[in-house]
**Student:** 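Just dropping this structure here.
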Amino acid sequence: MKYNPSLIEKKWQKKWNDLEIFKAKIDYNKPKYYVLEMFPYPSGAIHMGHVRNYTLGDLVARYKKAQGFNVLHPMGWDAFGLPAENAAIENNTLPSKWTYSNIEIMKIQLKQMGLSYDWDREFATCNPDYYKFEQKMFIDFYKAGIAYKKETIVNWDPIEQTVLANEQVVDGRGWRSGAEVEKKKMKGWFLKISDFAEDLLHEIDNLKEWPDRVKIMQRNWIGKSNGATISFSINNSDDKVEIFTTRPDTIFGATFIAISPQHPLSFKIAINDNKANDFIKVCERQSNKAEDLEKADKLGYETSFTVSHPFKKEINLKIYIANFILMDYGTGAIFGCPAHDQRDYDFAKKYSLDIIPVVANDNIIPYTGDGLHINSDFLNGLDTKEAIDLSIKELQKLGIGKETVTYRIRDWGVSRQRYWGCPIPIVFCSNCGEVPVPEDQLPICLPEDINFDVKGNPLESHPTWKKTRCPKCNRNAVRETDTFDTFFESSWYFARFTDLNHSKAFSDEAFKYWMPVDQYIGGVEHAVMHLLYSRFFMRALKFVKTIDLKEPFTSLQTQGMVCHQTFKTQKEKWLFPNQVIRKNNTFFHINTKEKVVAGRIEKMSKSKKNVIDPQQIIQTYGADTARLFMLSDSPPNRDMEWSDSGIEGSWRFLNKLWNFVIKLETENIDDNLPTNLSKSHKKLLAMLNITIKEVTKSIDNFQFNIAVASVRSLFNAISSYEILNNDDKSVILHNVKKLLILINPMVPHIAEALWENLNEKIIIANERWPEADESFEEKDIIKIPVQVNGKMRAIIEVQKDLNNDQLKQIALKEKNILKFLNDTPKKIIIVPNRIVNFVI
RNA sequence: GCGAGCGUGGCGGAAUGGUAGACGCACUGGACUUAAAAUCCAGAGUCCGAUAAGGACGUGGGGGUUCAAGUCCCCCCGCUCGUACCA
């Protein structure tokens, strides 16, 4: 019988489904385990990134089930978003139609992978049955004062009459229209994530099972700074300008003041100063991406205003409007100290401003480190810490400054001027102002009769949708036409999975039982925003007393990208890998036979065509081969390279495994170990138990590639064992059965099929994970390297646990050691059971 | 620009500060075959050496700590992710 994946995979998928093996139910007699992979955007087809992500999650889910946990492993669809609107415009369809048909296709594809989901919990976030709950949440937030409206600046495409996402702005122009993007002030809804900044920062320390790099990125994103605010009086004016600094100790090195182009004072100055006005306009035309702002040349406009130095009244500091000062951070204004700040230094050089060093150092300019203060009046001689404390004290005495903590994190803007998102449940009444929609009038559903031929937001141009009555006074009123940022949906979907069929977003019981998510797995690109928003959202729900939980994800694993080589024709046109054929390390076009330029290995992307369609792979090799390859090559958190030979290797292994088990003679043989074990039996059993330990440890550590390698080693040992008698057959059967349980989470279909072939009545998905039996381990004889001056010169085989002197004597008998020891060693370092090192 | 991560044979990768290269891919030789594919067996970091014994070099580059560094510290280079309206 040949290994035929398409046959066995269909069979076992059906069986799991019929027997409801993966249906999750609350069971207080078992420890629960909630495994979740980041749910996909329904773009139309699954890609290798999905295959990788969901294979990793499925391994964990099946492994934990085998360890006796009550596992919840759900899947759904992050269904709102820009691409649906783009598709609607391009294909003259509706976003809902496009989205739901994509979901249908992708669901079929996911099912072919044999993933252990409880499909009864599936949902799409674009369904009112989902988004109605977040409308209620938003109203709760609004009533609790953590949702508010404020003005922001957006990218405006004057031709499309629409707001553009940063992604849709290419070189300062709208991607579709090509029009120069304008900056437009607009009111939008915000959530007060900054109110929770301290807690979000502080609790990172308790996320013990999160990768350090993600925690560091979140800490930096929140960006807590201790410093001071100082209020400067503007000369010949009643106005003041308040600045924030983390280095009040460098106040005597201040040589200018810089304020943001969006600072209220800038606008005030611009009223009577056309050049200032022009400068602000120039700054507004700049990209508002942080990245571009920082990279842009530092520009400043010298206003006619000055402030006097708080401690040296005779010194006046000019006020500049400067493009690198962000209105959102601190107070939107700084004092410039060029000797001790890189950006201030660049600015001072450009505008020929004074540079006064105030922290002693070896003539490094700018010097941003600590040191003793000079040129600083009452701060002279103090170190940085002392000088910061004293300067704040003195500023406080003058009543113009105080210690201040600022955070870099800004409030979360959740408004989008788009159709395909959750409507924000607010009504605007000329009499009552903004009024939240009463709960009994929810959900506010999206209209289906929309027209994308009209420019701008279809909700805005819809003939009737936004017209309504004020819930308070019943007069004519209009609905909010903004919809939520799609991060809103993904900030609580994991809670919805705990209980789909409830009049509330989720039942208290199910939430308490299943949450938090024990293992969350997804792309590292979500390290900050999605994960931080989700952490915030739990706090916000706790704040409005919906739940009592702060941290949604106990353990987090981030996966790397799936990459592939790129190919181009001689004329620089991208080619799909299946258009290219390889001959003797040179690549040719499969049809034209023209030579092909092999490019760099890059992240799989449609634009570069370096994609492999998972469908094709599953059709050719089956899901198990695809899954095995996903696990075997690279550690999950690193980028992996898709290679055709790699997938062939996985295919070959499964065939070897299949053929070996199918041909096993198991008639009248059971897997109980014979009473008299031979030396080779013991050796194989030792190998088995090392493998069990290794695979268990590797899975716990998320090193699935090592788990696969260990299983392969065990299989090599089993398959090369010479079977002579029935005792041998028993030992081999014993090993094979354990091996099948070990690989079941990786390649579940073949594991089930072979399990059944061994006449097992129960399915392997319900089998218990094996325990390692360490009594089989051979531990009496060990190999110890012997070094001379740290270089390995010999290996000695010795009894375990010999003392230092015994080890030394044995080591000194080695010919090669004596050859290198022409002197008495100065020092001998011996670590028992590990190493002997002679130092000469 | 800023923040974070990564860099080990021809390739993917393995290695509590203690034998660098597990396991796999590609490769080479052999067996089987009329032949090929598949399969099985063997070899293999590079260089010197005889195909041996053994040695020299070797984890992006440069320096340092240590009896001992892929691993720890400092500097540099390259690549990747994020950078707040892509998801």
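As a basis for the values below, the full set of heavy atoms in this structure was taken, side chains included, without hydrogen atoms, waters or symmetry mates.
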**Student:** For B/rA84, does OP1 or OP2 lie under 4.0 Å from any side-chain N or O of A/Arg410?
**Tutor:**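 A/Arg410 to B/rA84 OP1/OP2: no side-chain N or O under 4.0 Å.
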
**Student:** If you go through the side-chain atoms of A/Glu291, does one of them form a donor-acceptor pair with the base of B/rG82 closer than 3.5 Å?
**Tutor:**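 Such a pair does not exist between side chain and base.
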
**Student:** Applying a 4.0 Å non-hydrogen cut-off, can you work out what A/Asn220 is touching in the nucleic acid: base, sugar-phosphate, or nothing?
**Tutor:**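 Counting heavy atoms under 4.0 Å across all strands, the contact made by A/Asn220 is with sugar-phosphate only.
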
**Student:** Think A/Arg343 has a side-chain N or O under 4.0 angstrom from the OP1 or OP2 of B/rC2?
**Tutor:**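 No, outside the criterion.
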
**Student:** Give a yes or no on whether a salt bridge exists between A/Glu294 and A/Arg343, defined as a side-chain N under 4.0 angstrom from a carboxylate O.
**Tutor:**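 Answer for the salt bridge query: yes.
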
**Student:** Identify which nucleotide among B/rA22, B/rG13, B/rA87 has an atom closest to any side-chain atom of A/Ala709, counting heavy atoms from C-beta outward.
**Tutor:**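 Among B/rA22, B/rG13, B/rA87, the one nearest the side chain of A/Ala709 is B/rA22.
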
**Student:** Please determine if a side-chain N or O atom of A/Gln703 lies less than 4.0 Å away from the OP1 or OP2 oxygen of B/rA15.
**Tutor:**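 Yes.
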
**Student:** Any donor and acceptor pair, going by atom type alone, linking the side chain of A/Arg535 with main-chain N or O of A/Leu200 inside 3.5 Å?
**Tutor:**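 Judged by distance alone, yes, a pair lies under 3.5 Å.
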
**Student:** Should we say atom NZ of A/Lys808 is surrounded by more than 12 heavy atoms from elsewhere, each under 6.0 Å from it?
**Tutor:**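 Counting neighbours around NZ of A/Lys808, 12 or fewer heavy atoms of other residues, nucleotides or ligands fall under 6.0 Å, so no.
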
**Student:** Hunt down the Watson-Crick or G-U wobble partner of B/rG7, both distances under 3.5 Å, from any strand shown, or write none.
**Tutor:**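 B/rC77 is the nucleotide pairing with B/rG7.
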
**Student:** Return no unless some side-chain N or O of A/Asn705 is found under 4.0 Å from OP1 or OP2 of B/rA14.
**Tutor:**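 So the side-chain polar atoms of A/Asn705 do come within 4.0 Å of the phosphate oxygens OP1 or OP2 of B/rA14, strictly under.
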
**Student:** Contact class for A/Arg712 (heavy atom, under 4.0 Å): base, sugar-phosphate, or nothing?
**Tutor:**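 Answer is sugar-phosphate: A/Arg712 comes under 4.0 Å of backbone atoms only.
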
**Student:** I'd like to know if A/Asp328 pairs up with A/Arg410 as an ion pair, taking the criterion as any Lys NZ or Arg NE/NH1/NH2 lying under 4.0 Å from an Asp or Glu carboxylate oxygen.
**Tutor:**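 Salt bridge flag = yes for A/Arg410 with A/Asp328.
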
**Student:** Is A/Arg638 near enough to B/rU8 that one of its side-chain N or O atoms lies under 4.0 angstrom from OP1 or OP2?
**Tutor:**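 Looking at the OP1 and OP2 atoms of B/rU8, neither is under 4.0 Å from any side-chain N or O of A/Arg638.
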
**Student:** Is A/Ile829 touching bases, backbone alone, or none of the nucleic acid, heavy atoms closer than 4.0 Å?
**Tutor:**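 The residue A/Ile829 makes base contact.
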
**Student:** Look at the side-chain N and O atoms of A/Arg219 and state whether any lies under 4.0 Å from the OP1 or OP2 oxygen of B/rG3.
**Tutor:**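 Negative; the distance criterion is not met.
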
**Student:** Looking at B/rC6, I'd like to know if its phosphate oxygens (OP1 or OP2) sit under 4.0 Å from a side-chain N or O belonging to A/Asn637.
**Tutor:**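 It does not, given that no N or O in the side chain of A/Asn637 lies less than 4.0 Å from OP1 or OP2 of B/rC6.
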
**Student:** Are A/Phe484 and A/Phe80 an aromatic pair by the rule of ring centers under 6.0 Å?
**Tutor:**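 They do not qualify: ring centres at least 6.0 Å apart.
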
**Student:** Please work out if A/Thr152 contacts a base, only the sugar-phosphate, or nothing of the nucleic acid, heavy-atom cut-off 4.0 Å.
**Tutor:**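 The answer is nothing, as A/Thr152 stays clear of every strand by at least 4.0 Å.
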
**Student:** So what's B/rA26 paired with, Watson-Crick or G-U wobble, going by both distances under 3.5 Å?
**Tutor:**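 By the stated definition (distances under 3.5 Å), nothing pairs with B/rA26.
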
**Student:** Have a look at A/Phe820 and say if it touches a base, only the backbone sugar-phosphate, or nothing, with a 4.0 Å heavy-atom cut-off.
**Tutor:**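 Answer is sugar-phosphate: A/Phe820 comes under 4.0 Å of backbone atoms only.
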
**Student:** Compare side-chain N and O positions of A/Arg652 against OP1 and OP2 of B/rC23 and report whether any pair is under 4.0 Å apart.
**Tutor:**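 The answer is no; no side-chain N or O of A/Arg652 sits under 4.0 Å from OP1 or OP2.
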
**Student:** Report the nucleotide, chosen from B/rA4, B/rG13, B/rA84, that has the shortest atom-to-atom distance to any side-chain atom of A/Ile216.
**Tutor:**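 Minimum distance to the A/Ile216 side chain belongs to B/rA4.
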
**Student:** Using O4'-C1'-N9-C4 for purines and O4'-C1'-N1-C2 for pyrimidines, with syn meaning within 90° of 0, is B/rG43 syn or anti?
**Tutor:**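 Base orientation relative to the sugar is anti.
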
**Student:** When all nucleic acid strands are considered with a 4.0 Å heavy-atom cut-off, which category describes A/Val214: base, sugar-phosphate, or nothing?
**Tutor:**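 If one applies the 4.0 Å heavy-atom cut-off, A/Val214 turns out to touch nothing in the nucleic acid.
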
**Student:** Determine which nucleotide pairs with B/rC32, using a 3.5 Å limit on both distances of a Watson-Crick or G-U wobble pair.
**Tutor:**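 Paired with no nucleotide.
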
**Student:** Check every atom of B/rC85, B/rA4, B/rA87 against the side chain of A/Glu525 and return the nucleotide holding the closest atom.
**Tutor:**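 Closest of the options to the side chain of A/Glu525: B/rA87.
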
**Student:** Paired with B/rC86: which nucleotide, if any, by Watson-Crick or G-U wobble criteria at under 3.5 Å for both distances?
**Tutor:**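 Per the H-bond distance test, none.
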
